[in-house]
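Note that this is a predicted model, so its numbers are computed, not measured.
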Amino acid sequence: MNASMIRRLEKWDKDFVWHPFTQMKEWREDPMVIIERGEGNTLIDAYGRRYIDGVSSLWCNVHGHCVPAIDRAIRGQLKRMAHSTFLGLSHEPAIRLSRKLLRLVPKGLSKAFYSDSGSAAVEAALKMAYQYWRHRGRFKKTKFLKLRNAYHGDTLGAVSVGGIELFHEIYRPLLFETFDAAAPYFYRDSFRGTEGGYARFCAKKVEAVLKKHHSEIAALVMEPVMQGAAGMLKHPRGYLFLLRRLTRKYGVLLIADEVATGFGRTGKMFACEHEEVTPDFLCLAKGITAGYLPLSATLTTDEVYRAFLGRYDEFKAFFHGHTYTANPLACAAAIANLELFEREKTLERLRPKIDLLSQELEEVKKLRHAGDVRQAGFMAGIELVKDRATKEPYPLREKKGHGTALRARAKGVLIRPLGNVVVLMPPLSIHPRELRTLCRVVRESIEEETE
Ligand SMILES: Cc1ncc(COP(=O)(O)O)c(C=O)c1O
């Protein structure tokens, strides 16, 4: 693309576009990067500058960009049809995907409901859980229990079960009431002891709420193993297992939001597998299409599904769905994604790369302002602090995470921080050489930004 065309596009962007989670005043003042192409684990901008995709295009890319098998699957489907409604009709890609997906997920999940974003997958789970209890005659079970700091998306239901003050507080008057419990955050918690002890300590906080309010609670919503947007907060081993036990004990459904953790990010296909847990709902999105097209799924059990069955005039149907529910192109991409996992043994090949990431993070831990470094498989967060001894955080206005990302970008690496937490979540396909470069650049960028 020539320079004058790029400048025109930049102007049109500023004239006509509103970007998500972006202070547009700053956006208009800052230099803009217009991405034109993808190649493997690299994105290439309109000037031809190359960047390692260090956060998988916001946590969704799995096998890299322009993967021939996925491109082919989408083109093949495109020759037949781009879209047909899923309301009152069906189609082969969604049927095949459902069968394939349900064979992969924790045992006991048997039905797939489709939407088109992670937020929408969570909304569907919330509404299903609420409606399930109504069909069971438990009319008081209308509330949800969430973990503090949680992030489950931006639609109002998902925001209601979210707890990130910075994003969510302003919408509070629009939201439904929830119960909450402190989430594990070992680095800033008072607990000192073993990992198992910490899991029990945190589970007790959840139990205290369940004990008191279980008759009003429809479901507990949580991200298993790693709370992503909360700041890459890793849960202690055993915590998920304990919460599953508690939700069973108190008759509360468990919604596992694996929008971020699903499809290999934690080293297993789904994070729930680490603790052999089957939730009542499993929410999937992002990596479901390998980061190609918008698709999400809310998977549930026969027990839940059956509660919605009845005569038409009992009006027990799930009155919910979107125009692009189960879009065939997206389903074709998702099938190709799952086939690639099998054919390329993606998870097996990931293991040494997870070890390499751990080694590289050891170097990051030595930095003067790296307060805590957290990793679950191929998800990592580096919490920058002003003072390591006191754990004093940087004031948000200093934008240390953002500053680090800008420096990394100038060195050919794209990352996007969460406040003061620098996030690394590369595509599973990243080459060890690229992974080393990614970590080196991030380390140098942190050093420059914080010294
Ligand atoms: C755990 C989790 N749930 C839900 C969402 C929302 O997904 P989407 O942005 O596709 O609506 C996200 C997005 O980052 C997420 O990380």
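Within the 4.5 Å cutoff, the side chain of Arg103 has heavy atoms near those of the Arg99 side chain.
Salt bridge status for Glu39 with Arg37: present, with a side-chain N to carboxylate O gap under 4.0 Å. Using a cut-off of 4.0 Å between Lys/Arg side-chain N and Asp/Glu carboxylate O, Arg172 and Glu169 are scored as salt-bridged. Under 4.0 Å is where a charged nitrogen must lie from a carboxylate oxygen, and between Lys25 and Glu29 at least one such pair does. Using a cut-off of 4.0 Å between Lys/Arg side-chain N and Asp/Glu carboxylate O, Lys353 and Asp355 are scored as not salt-bridged. Salt bridge status for Glu383 with Lys400: absent, with no side-chain N to carboxylate O gap under 4.0 Å. Taking 4.0 Å as the cut-off between side-chain N and carboxylate O, Glu258 and Arg265 do not count as a salt-bridged pair. Salt-bridge check for Glu448 with Lys411: passed, with a basic side-chain N closer than 4.0 Å to an acidic carboxylate O. The residues Arg244 and Glu275 are annotated as not salt-bridged, no charged nitrogen and carboxylate oxygen being separated by less than 4.0 angstrom. Between Glu444 and Arg440 a salt bridge is recorded (basic side-chain N to carboxylate O distance below 4.0 Å). Under 4.0 Å is where a charged nitrogen must lie from a carboxylate oxygen, and between Asp387 and Lys391 no such pair does.
At distances below 3.5 Å, not a single donor-acceptor pair connects side-chain atoms of Arg416 with backbone N or O atoms of Val55. Although no hydrogens or angles enter the test, the distance criterion places no donor-acceptor pair under 3.5 Å between the side chain of His369 and the main chain of Leu384. Using a distance-only test at 3.5 Å, with no hydrogens or angles considered, a donor-acceptor pair links the side chain of Thr390 to the main chain of Glu392. Lys146 places a side-chain N or O within donor-acceptor distance of the main-chain N or O of Gly162, the cut-off being under 3.5 Å. Between the Thr301 side chain and the Val304 main chain, a donor and an acceptor come within less than 3.5 Å of each other. Asn41 contributes a side-chain N or O that, together with a main-chain N or O of Ser429, makes up a donor-acceptor pair within less than 3.5 Å. Within the 3.5 Å criterion, the main-chain N or O of Ser117 finds a donor-acceptor partner in the side chain of Ser296. Remark: the backbone N or O of Leu293 is paired with a side-chain donor or acceptor of Thr289 at under 3.5 angstrom. Lys111 places no side-chain N or O within 3.5 Å of a backbone atom of Thr300 that could act as its donor or acceptor partner. Side-chain atoms of Ser358 do not come within 3.5 Å of backbone N or O of Leu356 as any donor-acceptor pair.
Defined by atom type and a distance below 3.5 Å, a donor-acceptor pair is present between the side-chain atoms of His274 and Thr266. Side chains of Glu449 and Thr404: no donor on one and acceptor on the other come within 3.5 Å. Side-chain contact of Asp53 with His65: a donor-acceptor pair under 3.5 Å is present, judged by distance alone.
Heavy atoms from other residues, nucleotides or ligands lying under 6.0 Å from CZ of Arg96 number 12 at most. Annotation: Tyr171, atom OH; neighbour count of heavy atoms from other residues, nucleotides and ligands within 6.0 Å does not exceed 12. Heavy atoms of other residues, nucleotides or ligands lying less than 6.0 angstrom from CZ of Phe241 number 12 at most. Within 6.0 Å of CZ in Arg388 there are more than 12 heavy atoms belonging to other residues, nucleotides or ligands. Around OH of Tyr185, the count of heavy atoms belonging to other residues, nucleotides or ligands within 6.0 Å exceeds 12. The environment of CD1 in Ile170 is sparse: at most 12 heavy-atom neighbours from other residues, nucleotides or ligands sit within 6.0 Å.
Closest of all the heavy-atom pairs between Ala121 and Cys283 is O-SG, 3.7 Å. Residue Ile288 comes nearest to Asn337 through the heavy atom pair O-ND2, 3.0 Å, listed as atom of the first residue, atom of the second, then distance. Summarising the geometry of Pro294 relative to Asp116, their closest heavy-atom pair is CB-O, 3.4 Å, with the distance given to 0.1 Å. Taking both residues in full, the closest heavy atoms of His91 and Pro328 are given as NE2-CG, 3.6 Å, listed atom of the first, atom of the second, then distance. Nearest heavy atom pair, residue Met128 against residue Thr298, reads SD-CG2, 4.3 Å. For the residue pair Trp18 and Met24, the shortest heavy atom distance occurs at CD1-CG, 3.5 Å.
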For Phe270 and Phe263: C-alpha separation, side-chain torsions, deciding distance, then whether ring pair (Phe, Tyr, Trp, His ring centres under 6.0 Å) applies. CA-CA 6 Å; Phe270 301 104; Phe263 300 98; 5.2 Å; yes

Steps toward side-chain contact (heavy atoms from CB on, under 4.5 Å) verdict (Ile34, Asp13): CA-CA 10 Å; Ile34 297 178; Asp13 181 291; 5.8 Å; no

Begin from the C-alpha positions of Phe341 and His63 and carry the test ring pair (Phe, Tyr, Trp, His ring centres under 6.0 Å) through to its verdict. CA-CA 9 Å; Phe341 265 99; His63 305 287; 5.1 Å; yes

Starting from the C-alpha separation in whole Å, work towards a yes-or-no answer on salt bridge (charged side-chain N to carboxylate O under 4.0 Å, His left out) for Lys366 and Glu363. CA-CA 5 Å; Lys366 294 176 188 162; Glu363 292 304 306; 3.0 Å; yes

Verdict with reasoning, Val423 to Met232, per side-chain contact (heavy atoms from CB on, under 4.5 Å): CA-CA 8 Å; Val423 174; Met232 295 287 147; 3.7 Å; yes

Worked check of side-chain contact (heavy atoms from CB on, under 4.5 Å) between Leu145 and Val206: CA-CA 9 Å; Leu145 171 56; Val206 174; 3.9 Å; yes

Kindly determine whether Lys107 and Glu273 satisfy salt bridge (charged side-chain N to carboxylate O under 4.0 Å, His left out), including the steps that lead there. CA-CA 10 Å; Lys107 217 167 161 10; Glu273 291 172 36; over 6 Å; no

Candidate pair Val422 and Ile415, rule side-chain contact (heavy atoms from CB on, under 4.5 Å), full reasoning: CA-CA 8 Å; Val422 173; Ile415 50 172; 3.8 Å; yes

Verify side chain to side chain donor-acceptor pair (under 3.5 Å) between Asp189 and Tyr198, making sure each step is shown before the conclusion. CA-CA 10 Å; Asp189 218 332; Tyr198 188 52; 2.6 Å; yes

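In this structure, Tyr239 and His235 have perpendicular ring planes: the angle between them is above 60°, well past the 30° mark. The aromatic rings of Phe86 and Tyr114 sit perpendicular to each other, their planes meeting at more than 60°, with 30° as the lower class boundary.
Exactly one of Thr325, Leu97, Leu284, Leu329 qualifies for a side-chain contact (heavy atoms from CB on, under 4.5 Å) with Leu295. That residue is Leu97. Residue Val442 is tested with Ile382, Thr437, Val364 for a side-chain contact (heavy atoms from CB on, under 4.5 Å); the sole match is Ile382.
Going from atom CG of Leu240 over to atom CD of Glu223 covers 12.0 Å, rounded to the nearest 0.5 Å.
Partners of His431 according to the side chain to side chain donor-acceptor pair (under 3.5 Å) rule, which considers only residues two or more places apart in sequence or in another chain, do not exist here.
The side-chain tip of Lys386 does not point at the ring of Tyr394 from less than 6.0 angstrom away and within 45° of straight on. Because its NZ or CZ atom is both nearer than 6.0 Å to the ring centre of Phe186 and within 45° of the ring axis, Arg192 counts as a cation-pi partner of that residue.
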Which atom pairs, donor and acceptor, lie under 3.5 Å between side-chain atoms of residues 67-82 and protein residues at least two apart or in another chain?
residue	atom	partner	partner atom	Å
Asp71	OD1	Tyr292	OH	2.7
Gln77	NE2	Met81	O	3.0

